[in-house]
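To keep things clear, I will list the structure first and then write my remarks on it.
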Amino acid sequence: MYNNGKMRFGLCCIFRKEPIHFRQITAKTLQKLPRSEQLLRLSDICLQNVKSLYKSLQFVSEKGIGAFRVLSPLFPRYTHPDVGYQLTDLPEKAEIRYFFEKIRKIRDLHDLRLSFHPDQFNVLSSPRKEVILNTIRELEYQAMLAEEVGAEIINLHAGGTYGHKKNALKRLEKNIKDLPISIRSRLTLENDDVSWTPADLLPFCESYYIPMVYDVHHHRCLPDGLSETEVTRKVVKLCEKLGKEPLFHISSPKNGWHNGSPKPHADYIDPADFPECWKGLTATVEVEAKSKELAVLKLMKDLGS
DNA sequence: GCATGTCAAGTTGTG
DNA sequence: CACAACTTGACATGC
């Protein structure tokens with residue numbers, strides 16, 4: 001069913017050369033200001049960031065890039081305990097909503113696939129209640145943005161193992177079951193390069209109907225006995241069952257495969273690192289490379305797509 | 001202007 | 001035990 005389909009490539013969060021920038025602000029800077037000025041600064045940054053996101057989608061659609069990962073701090077410090085805020089607190093909320101609408105329209109027009117990838121401190125397998133609560137708060141924020149921009153995916157890692165994978169998976173299962181639908185319906189789990197391999201995650205994902213995002217670079221850094229072909233086949237099968245397009249991650253090692261740690265990402269993707277078994281599939285491949293849009297475009301050219 | 005240290009958050013592995 | 005690494009970049013500060 002997915003053979004000879006259309007593969008789309010995804011750009012992650014930011015640009016290397018293209019003059020599209022996202023702004024940030026720290027909690028420390030905000031805390032020096034009275035609340036009204038905090039909200040003015042935040043409103044300005046959020047509005048500029050949604051404009052930049054719109055420009056990002058214009059850029060990718062013009063270049064034939066079919067997917068885009070939205071950066072987590074699009075609305076900086078949204079869930080911070082002291083300086084956090086809501087969209088309705090921002091003076092320019094109407095303008096911000098107007099750009100959300102423009103973003104949804106360009107997304108629909110070009111059928112762009114949008115995703116979120118919450119940072120490493122979002123952990124649903126932690127034994128600490130506080131960590132789970134903070135994670136859910138952050139995921140609710142990202143789900144709100146996902147709803148506003150029309151994003152389909154919130155992709156998470158499985159967290160730590162705490163020396164006992166089975167118990168960690170039990171906590172993960174329970175916490176996933178309790179998630180609000182806005183998060184749960186978008187949730188995917190990705191294999192990492194420290195703890196959780198495809199062999200660990202696939203049975204879990206199959207049991208609970210969660211798409212597994214297959215990062216082949218992580219798999220090469222932390223192998224598990226499964227071949228890339230086997231993992232790909234299982235992921236495609238699971239996604240078919242769930243009615244979702246498979247999502248893969250690709251990167252190349254900065255210092256080569258045999259020169260120290262292969263984990264750091266290179267500027268570009270070596271086409272030799274692109275798995276043969278992915279070719280011809282209907283799937284999204286997010287490109288994790290430091291040269292960002294240049295790397296995505298080069299890979300597309302190198303692969304002739 | 002430019003260089004440098006800092007930034008909310010978790011977990012693991014290395015030195 | 002401290003610290004870097006992870007999608008690292010962008011901001012704030014000080015020269």
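Lettering follows sequence order; numbering is per chain, from 1.
As the counterpart of B:dA3, C:dT13 is assigned, both hydrogen-bonding distances of the Watson-Crick or G-U wobble pattern falling under 3.5 Å. Nucleotide B:dA8 is matched to nothing when pairs are restricted to Watson-Crick or G-U wobble geometry with both distances under 3.5 angstrom.
Taking atom CG on A:Asn191 and atom P on C:dC6, their separation rounds to 16 Å, with Å as the unit. The CD atom of A:Gln142 sits 15 Å away from the P atom of C:dT7 (whole-angstrom rounding). At whole-Å resolution of the value, CG in A:Asp193 and C1' in B:dT12 are 10 Å apart. Protein atom CD of A:Gln24 is 9 Å distant from nucleotide atom P of C:dA10, rounded to whole Å. We find that CG of A:Asp192 is positioned 13 Å from C1' of B:dG13, with the value rounded to whole Å. Distance, A:Leu11 CG to C:dT7 C1': 12 Å, rounded to whole Å. The separation between A:His80 atom NE2 and B:dC7 atom P is 11 Å, rounded to whole Å. For the pair A:Leu139 CG and B:dA9 C1', the interatomic distance rounds to 12 Å; values are reported in whole Å.
Distance from the side chain of A:Lys28 is smallest to B:dC7 among B:dT11, B:dC7, C:dT8. With distances taken from any side-chain atom of A:Asp119 to the nucleotides B:dA8, C:dT7, C:dC11, the minimum falls on C:dT7. Listed nucleotides B:dT12, B:dA8, C:dA12 differ in distance to A:Thr29; the shortest reach to its side chain belongs to C:dA12. Checking C:dT7, B:dA8, B:dG13 against every side-chain atom of A:Arg77, the shortest atom distance belongs to B:dA8. Comparing C:dA12, C:dG9, C:dT7 by their closest approach to the side chain of A:Lys290 singles out C:dG9. For A:Arg128, counting side-chain heavy atoms from C-beta on, the closest listed nucleotide (B:dG13, C:dT8, B:dT11) is B:dT11.
Remark: the A:Thr79 side chain and the B:dA8 base include a donor-acceptor N/O pair separated by less than 3.5 Å. The base of C:dA10 has none of its N or O atoms less than 3.5 Å from a complementary donor or acceptor on the side chain of A:Arg23.
Taking atom P in both C:dA5 and C:dG9, the straight-line distance is 13 Å, to the nearest Å. B:dG5 and C:dC3: their P atoms are spaced 14 Å apart (whole Å). Taking atom P in both B:dT6 and C:dT8, the straight-line distance is 22 Å, to the nearest Å. For the P atom pair drawn from B:dG10 and C:dA10, the interatomic distance equals 24 Å after rounding to whole Å. With both ends at atom P, the span from B:dC7 to C:dA4 equals 14 Å, rounded to whole Å.
Inspection of the A:His217 and A:Glu288 side chains reveals no N or O donor paired with an N or O acceptor under 3.5 Å. For the residue pair A:Arg113 and A:Thr284, a side-chain donor N or O sits within less than 3.5 Å of a side-chain acceptor on the partner. Between the side chains of A:His117 and A:Glu286, no donor N or O sits under 3.5 Å from an acceptor N or O. A:Glu62 and A:Gln58 share no donor-acceptor pair across their side chains, judged by distance under 3.5 Å alone.
For the OP1/OP2 pair of B:dT12 and a distance below 4.0 Å, the side-chain nitrogens and oxygens of A:Thr161 include at least one atom meeting the criterion. Note on A:Ser126: a side-chain N or O is less than 4.0 Å away from OP1 or OP2 of B:dT11.
In terms of heavy-atom proximity, A:Pro118 sits nearest to A:Ile154 at CG-CG2, 3.7 Å. Residues A:Ile250 and A:Pro275 come closest through the heavy atom pair CD1-CD, 3.9 Å.
When each of A:His157 and A:Lys32 is assigned the nucleotide of DNA chain C with its nearest heavy atom, A:His157 is the one assigned upstream, toward the 5' end. Heavy-atom nearest nucleotides on DNA chain C were determined for A:Ile25 and for A:Phe121, and the one closer to the 5' end corresponds to A:Phe121.
Within 4.0 Å (heavy atoms only), A:His218 reaches sugar-phosphate atoms of the nucleic acid but no base atom. Across all strands, A:Leu71 comes closer than 4.0 Å to no nucleic acid atom at all (heavy-atom distances).
For A:Asn134 (side chain) and A:Val131 (main-chain N/O), no donor-acceptor pair under 3.5 Å exists by modelled atom type.
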